[in-house]
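Note that this is a predicted model, so its numbers are computed, not measured. By convention in this document, chain letters (A, B, ...) are assigned in the order of the sequence lines, proteins followed by strands, and residues within each chain are numbered from 1. As a basis for the values below, the full set of heavy atoms in this structure was taken, side chains included, without hydrogen atoms, waters or symmetry mates.
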There are 4 protein chains.
Amino acid sequence: MTHLRFALIGAGRIGQVHARTIAAHPAATLTLVCDPVVAAAESVAGTYGARACTDAADVFAAEDVDAVVIGSPTPLHVEHILAAVSAGKPALCEKPVAMQLADAEELQRRLAELDDVPVMLGFNRRFDPSFARARALVEEGAIGPLEQLTIISRDPAAPPKAYLAQSGGIFKDMTIHDFDTARFFLGDVAEVSATGQHLDPELADSGDYDGAVIVLRSASGAAATIINSRHCATGYDQRLEAFGPQGAILADNQRPTTLQVSTREASDAKAPYLDFFLERYADAYRDELTAFIDALTQGHPVSPTIADGVEALRIAEAAGESARTGATVRL
Amino acid sequence: MTHLRFALIGAGRIGQVHARTIAAHPAATLTLVCDPVVAAAESVAGTYGARACTDAADVFAAEDVDAVVIGSPTPLHVEHILAAVSAGKPALCEKPVAMQLADAEELQRRLAELDDVPVMLGFNRRFDPSFARARALVEEGAIGPLEQLTIISRDPAAPPKAYLAQSGGIFKDMTIHDFDTARFFLGDVAEVSATGQHLDPELADSGDYDGAVIVLRSASGAAATIINSRHCATGYDQRLEAFGPQGAILADNQRPTTLQVSTREASDAKAPYLDFFLERYADAYRDELTAFIDALTQGHPVSPTIADGVEALRIAEAAGESARTGATVRL
Amino acid sequence: MTHLRFALIGAGRIGQVHARTIAAHPAATLTLVCDPVVAAAESVAGTYGARACTDAADVFAAEDVDAVVIGSPTPLHVEHILAAVSAGKPALCEKPVAMQLADAEELQRRLAELDDVPVMLGFNRRFDPSFARARALVEEGAIGPLEQLTIISRDPAAPPKAYLAQSGGIFKDMTIHDFDTARFFLGDVAEVSATGQHLDPELADSGDYDGAVIVLRSASGAAATIINSRHCATGYDQRLEAFGPQGAILADNQRPTTLQVSTREASDAKAPYLDFFLERYADAYRDELTAFIDALTQGHPVSPTIADGVEALRIAEAAGESARTGATVRL
Amino acid sequence: MTHLRFALIGAGRIGQVHARTIAAHPAATLTLVCDPVVAAAESVAGTYGARACTDAADVFAAEDVDAVVIGSPTPLHVEHILAAVSAGKPALCEKPVAMQLADAEELQRRLAELDDVPVMLGFNRRFDPSFARARALVEEGAIGPLEQLTIISRDPAAPPKAYLAQSGGIFKDMTIHDFDTARFFLGDVAEVSATGQHLDPELADSGDYDGAVIVLRSASGAAATIINSRHCATGYDQRLEAFGPQGAILADNQRPTTLQVSTREASDAKAPYLDFFLERYADAYRDELTAFIDALTQGHPVSPTIADGVEALRIAEAAGESARTGATVRL
């Protein structure tokens, strides 16, 4: 099997990214698009010559579907993953696994009882070429044992309050990516200490933090510092720096061009950052799909897994507790 | 007509870039690939679900071909352009138009006698997002009237001597792109002064310069300086800087990642440059094709044209003369 | 009084910096150098045409001394400050005020009972041209209200273990500067949460942390994150970034030259950072002295003051407690 | 002789730089300042505790003067150099040696007949720490044999027309520094090709170019490209890049701080360049004086010499001829 036929569940913003990525991939074809909103399903399907459906059951029953990308709303992730696995169809599911750690753990238990069908979790940032290369350099020992990881992660603008109200909170909705990045570099996390901020007056009554600083510590003593904000005037601020005894590796922000403009006021001014995740992580979505396809066609285990999703959620819940109590939480 | 069926003539290195670009374009389909080497034609055609042929006449006769991309060897460009136009098929032809200015001018005269079918010349760098944005900023007056343009253009490594022997010389083979870039920013060129260098001992007997500095002057008095080398240890060095009374705009090199590595020896060391033109100008090839398709489907004139190819050749021949005689050549 | 005659107490490493800075200042003359090691006092005094003495009492009694720079060991700071003030001589004293917060507070109380003679504390980083300009831009509202401050502060190499043993610990010895920088930008600190690390195996038994991450929160809700290490392969790593709703301001590291070297392995590699504080903060020491002289000659209050030293010590003690207990400490 | 007593001839702008540099140098004392404008001489002398005089003859006769810095108007350089040498006093003279090549050559002849007293020419840029380090790296072979040198050299703003009228023209007044820099890197120059520009409408009738591009070729075939402008909105634009088969070394511009500001409009915008030569080359003037003093006290030959000044003038005259005729001039 060297060419895979994909179904896509969920034709929303992130689903459309996956549809385009699948269609452009030399080893993949998009054959089926499922969304309860029939117009959404048909629009995406039409663009890429696929069929449309509105019932996810049709996806799992389809004979011309080798693998499934799950981009449905988070509350449906567990159901869709279990159905895909039961149907013997490998799945790539968007993060987070679930809203509650308990639900993700329950999924993990149930998957252990089923046949071993690959389920990969869409922590796309692991596949960002710069982050991936930084991590490879760290693994190769370029800076010695990793001692301090600094992640700056700021969204260009806060989502609507209605979204925030059902987002699960900043740690599960936004920082979850950074928790996974920290685990990608540091391995398992032993301690979490979090500070939540209310930066944006407009969001004062949102019931959620819109800024945060979180310090994680691994069993080996390495520290990861994550700095989050729901807004950033210059765009989608996504940087990290790995530091060890032999040096440091910075993954800088990305711009649409390489221009540097010098005027009476400033020199070497670059363009604002790429904005938003669809542009910033376009290459990451492509490389993520390639990694999924390569794992399936070459028989390697997929990575990251549901277990990685569970661990990120565990850190997120601990961060929430730490931000409330002011105490470091040990995992 | 909002979706175009393309034929590709020439399945070599640059032809494969065009094939991939056409296949990935939402408004284009690749239907026919032509190459005298049947295996080459079939390999590229097979990858993208197109038919293969070995005789260019089949391309011009094909009913399911709306437009042609010409990536044949330079000596065949004139013949293929004329055949495409005679068949009423718009063409996008790789640079240079011809090896000799006289041949390009002759083509221009013959095209003037034929029906008006769009012919676009593949000066891909005009479509590089950074160069294009720099030029747009200059046109908008961001730095005032352009006074000095500096183009650094160095290949990562010299081609084989056999290639050099039939390349037409550095000015027609390599600098031709930079001459077009200079015209893209400055408009028509009034004077040329060139210095040729023999840098690489290995190429001492190649009969060609492997380094050059060329100074162009426009009618308005603006100067463009082009610095070329056939080798560059750090990769494909492709920069330009536009300078005017209000400021300067630099288009910097591109790297595969945004990493900056700091060690005991150095700080903020970036990766070597993207290497070679297929990677460095991948976005430019994509945007060039889009410009061609947009012009055809929206009825705009194509740009750059054969006339631009003629002018670039005229400068190249003048540069050759200046390098030989040491005198500035007026056009 | 527009020209000041200075005495220097302490002819060690930092004292020599002050001696040179005073000698080079157009409004200052170095007249007396005091150090219990007579050779040290005479060496520094000789270089700048000053007299030497070994007893600090001679400094306070000298008629040709208008002001005193105190660079004696920390345990003597309180005594020397009180003696200078009692003698009516303004003093610029190196940080920290004292090893224990209680001693610094006691000094503050005793100074309140004496005549008002200016005492400035040598938090030199406030006078670093880049940090000072960043803070001025923040004050001017360039980025809106400050929301997140990130300070990276790493020494090139750990001092000898013997030094560490009597240093008062990383928070009082090293982070104390960063605490003051945080206060310089954020104002008073309401909460402290600290994590200590043992990074260097050689220092495992030093009884002190050699790495730390500290999160401070101001009354207004702004957060400052400080990342410390006792070692940094690339040199003295001294950066800060101020972030607000309208933008961000980064103060980058400094190098001895502006060179960027590109080779087969890397592009735009800069030199390692300036190393160590004598070079990195040379301009800061100069501007600090100027601020002291300007305040005295123009009758302005000096800044920073002993109160600033007390507050930095208060944060340092809170950080120590937080690192031990894992709990956020409120001030 | 390890401490030198200096006289300064000329208390103008550049003279004041030398006065300050001498006064701050640990191995130098300023004892005498000479300027026909008595107030100017006394003002500078007073600042640094030196005597003042108005007749240069007093300088050469003074017993407490070991060496002379000549910052008089260019037409007096030859006379002052000869008088210094005749008096046995080593001299550091500002560039250019003379307005006309013939006069400089005549000086060279007359010096050859006198006793050997060191005369150093003030090509200060050779002592810029970044340029000097770049050249040292080239000498060490860091990029292999130098192939292409690119010098961008733009003044922040044109001097008054009255100055331009008697400046000797852009090549002798401004580019002369760049010619020396080219020789510093490439050695002797074999060919010159120059293009002059009239960029600034205000200077159209100044009788001089206010922009230029000059290409030099060394005997070894290396090329140096110099790009000049009398104006630059962003400040004093002083860059160079050395390129060879193993890599490239860029010496970038300098700013007053390391700040990088990111807003909605731009990211990582740096401050404008240091402006003007007094600030930009402050370290160069210091290191130039040190090199002069070191040569005298250690008995080394001084460098650069009058011969270097002659060669730079020779290139300047050739550039003027090339710009007029459009032909390459061989030296």
Are C:Gln148 and C:Thr225 close enough that some pair of their side-chain heavy atoms sits under 4.5 Å apart? no
Testing the 3.5 Å rule here: is there a donor-acceptor pair between the side chains of C:Ser220 and C:Ser218? yes
Partners meeting salt bridge (Lys or Arg N to Asp or Glu O under 4.0 Å) with D:Arg125 (sequence neighbours left out): D:Asp178
Are the side chains of D:Ile226 and D:Thr181 in contact, using a 4.5 Å heavy-atom criterion? no
So C:Phe123 and C:Ile176, do their side chains get closer than 4.5 Å, heavy atoms only? yes
Keeping D:Ser43 on the side-chain end and D:Ala39 on the backbone end, is there a donor-acceptor pair under 3.5 Å? no
If you tally heavy-atom pairs under 4.5 Å against chain C, which of D:Ala242, D:Pro129, D:Ser130 wins? D:Ser130
Check whether D:Ala134 gets within reach of chain C through its side chain, its backbone, both or neither, counting any heavy atom under 4.5 Å. both
Which atoms of D:Leu137 are under 4.5 Å from chain C, going by heavy atoms: the side chain, the backbone, both sets, or neither? side chain
For residues 244-252 of chain D against chain C, heavy atoms under 4.5 Å, the residues are D:Pro245, D:Gln246, D:Gly247, D:Ala248, D:Ile249, D:Leu250, D:Ala251, D:Asp252
So do C:Pro304 and C:Phe127 actually touch side chain to side chain, heavy atoms under 4.5 Å? yes
Is there a side-chain contact between D:Asn124 and D:His177, using heavy atoms and a 4.5 Å cut-off? yes
Counting C-beta onward and ignoring hydrogens, is there a side-chain heavy-atom pair between C:Arg5 and C:Glu63 closer than 4.5 Å? no
Crowded around D:Glu139 CD? As in, over 12 foreign heavy atoms under 6.0 Å? yes
Sequence neighbours left out, what passes side-chain hydrogen bond (donor to acceptor under 3.5 Å, both in side chains) with C:Asp155? Give chain and number order. none
Mind checking which of residues 263-289 of chain D sit less than 4.5 Å from chain C, heavy atom to heavy atom? D:Thr263, D:Arg264
Mind ranking C:Asp128, C:Ile143, C:Thr258 by heavy-atom pairs under 4.5 Å with chain D and telling me who comes out on top? C:Thr258
